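Presented below is the structure to which this report refers.
This one's a predicted model, so the numbers in the text were calculated from it and none came from an experiment.
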Amino acid sequence: MSMQKNPTFKGKYNSFMKAWKQLWQSKQQETEAHNEPSHYNQDKENGKQTPNKKSVRLRVRIFPIWLRIIVTLLFCMIALVVGLMVGYGVIGDGSPLDVLKIETWQHIIDIVTKSK
């Protein structure tokens with residue numbers, strides 16, 4: 001009766017890494033073959049290789065991030081005011097422009113914090 005040795009963690013890890021590297025290399029080769037231009041594939045089959053030209057592409061943002069943040073905050077504030085006006089004027093029975101008055105908010109705060 002032969003006993004089979006229990007593989008150690010190191011053996012399992014090494015076999016896993018070997019399989020993972022093979023899978024990664026095959027996927028990378030498929031991707032490279034897919035992304036190569038057709039004339040490069042023909043040159044490669046003939047034994048010629050064209051130099052791999054990598055162009056550095058700088059990204060210039062037309063709409064900078066800081067401006068995006070400001071515009072987003074501005075739109076949020078506008079949406080809040082419009083929502084308050086619709087809620088107070090259309091859904092409620094008040095005038096939509098009354099929501100912008102301090103007296104209205106003071107009255108609402110007095111109602112909410114009224115002590116018994």
Side-chain angles (χ1 to χ4, degrees):
M1 200 177 188
S2 66
M3 292 196 88
Q4 195 174 18
K5 287 189 176 181
N6 219 1
T8 62
F9 174 75
K10 188 175 183 180
K12 288 181 182 179
Y13 177 77
N14 287 339
S15 63
F16 171 75
M17 288 305 294
K18 186 177 179 182
W20 181 258
K21 284 180 185 178
Q22 289 174 349
L23 179 65
W24 178 259
Q25 288 173 351
S26 67
K27 291 285 187 185
Q28 192 174 11
Q29 288 172 353
E30 288 175 11
T31 305
E32 287 174 359
H34 181 68
N35 290 337
E36 291 174 351
S38 59
H39 67 84
Y40 184 74
N41 287 338
Q42 292 171 355
D43 290 343
K44 194 173 184 180
E45 291 171 1
N46 295 336
K48 301 176 189 175
Q49 286 191 356
T50 57
N52 196 6
K53 297 179 183 177
K54 289 188 176 181
S55 61
V56 178
R57 186 174 170 202
L58 295 175
R59 184 173 181 179
V60 178
R61 296 184 190 271
I62 297 172
F63 198 54
I65 293 175
W66 61 269
L67 188 59
R68 290 179 191 185
I69 293 171
I70 291 173
V71 168
T72 303
L73 290 174
L74 184 68
F75 282 147
C76 288
M77 289 173 52
I78 291 171
L80 176 69
V81 171
V82 169
L84 288 171
M85 291 174 80
V86 168
Y88 191 78
V90 177
I91 296 174
D93 291 330
S95 172
L97 292 177
D98 284 345
V99 82
L100 303 176
K101 295 180 182 176
I102 294 176
E103 295 85 21
T104 305
W105 288 103
Q106 189 61 43
H107 180 68
I108 292 171
I109 290 172
D110 290 342
I111 292 173
V112 171
T113 59
K114 182 179 179 182
S115 59
K116 292 183 179 183

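- Within the structure, salt bridge (Lys or Arg N to Asp or Glu O under 4.0 Å) contacts touching residues 77-87 (residues at least two apart or in different chains) do not occur.
- In the hydrophobic clustering (ILVMFWY side chains linked at under 4.5 Å, chained through shared members), I65 is joined by I69, L73.
- In this structure, K21 NZ and S26 OG are separated by 14.5 Å, a value rounded to the nearest 0.5 Å.
- The side chain to side chain contact (heavy atoms under 4.5 Å, CB included) check on Q25 picks up nothing, with sequence neighbours excluded.
- For K27, the side chain to side chain contact (heavy atoms under 4.5 Å, CB included) test picks out L23, E30, with sequence neighbours left out.
- Counting only residues at least two apart or in different chains, side-chain hydrogen bond (donor to acceptor under 3.5 Å, both in side chains) contacts with residues 63-79 are absent.
- Hydrophobic clustering (side-chain heavy atoms under 4.5 Å, transitive across Ile, Leu, Val, Met, Phe, Trp, Tyr) keeps I102 apart from L80.
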### Message
Test side-chain contact (heavy atoms from CB on, under 4.5 Å) on L97 and L100; report intermediate values, then the result.
### Response
CA-CA 6 Å; L97 292 177; L100 303 176; 4.3 Å; yes

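- Criterion: ILVMFWY side-chain heavy atoms under 4.5 Å apart, direct or through other members. Under it, V82 and L84 are not part of a common hydrophobic cluster.
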Can you give me every donor-acceptor pair (side chain of residues 104-112, partner residue at least two apart or in another chain, under 3.5 Å) with its distance?
unit_1	atom_1	unit_2	atom_2	d
T104	OG1	D98	O	2.7
W105	NE1	V99	O	2.7
Q106	NE2	D110	OD1	3.3

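- Expressed to the nearest 0.5 Å, how far CG of L67 lies from CD1 of I62 amounts to 12.0 Å.
- Environment of CZ in F63: crowded, with over 12 heavy atoms of neighbouring residues, nucleotides or ligands closer than 6.0 Å.
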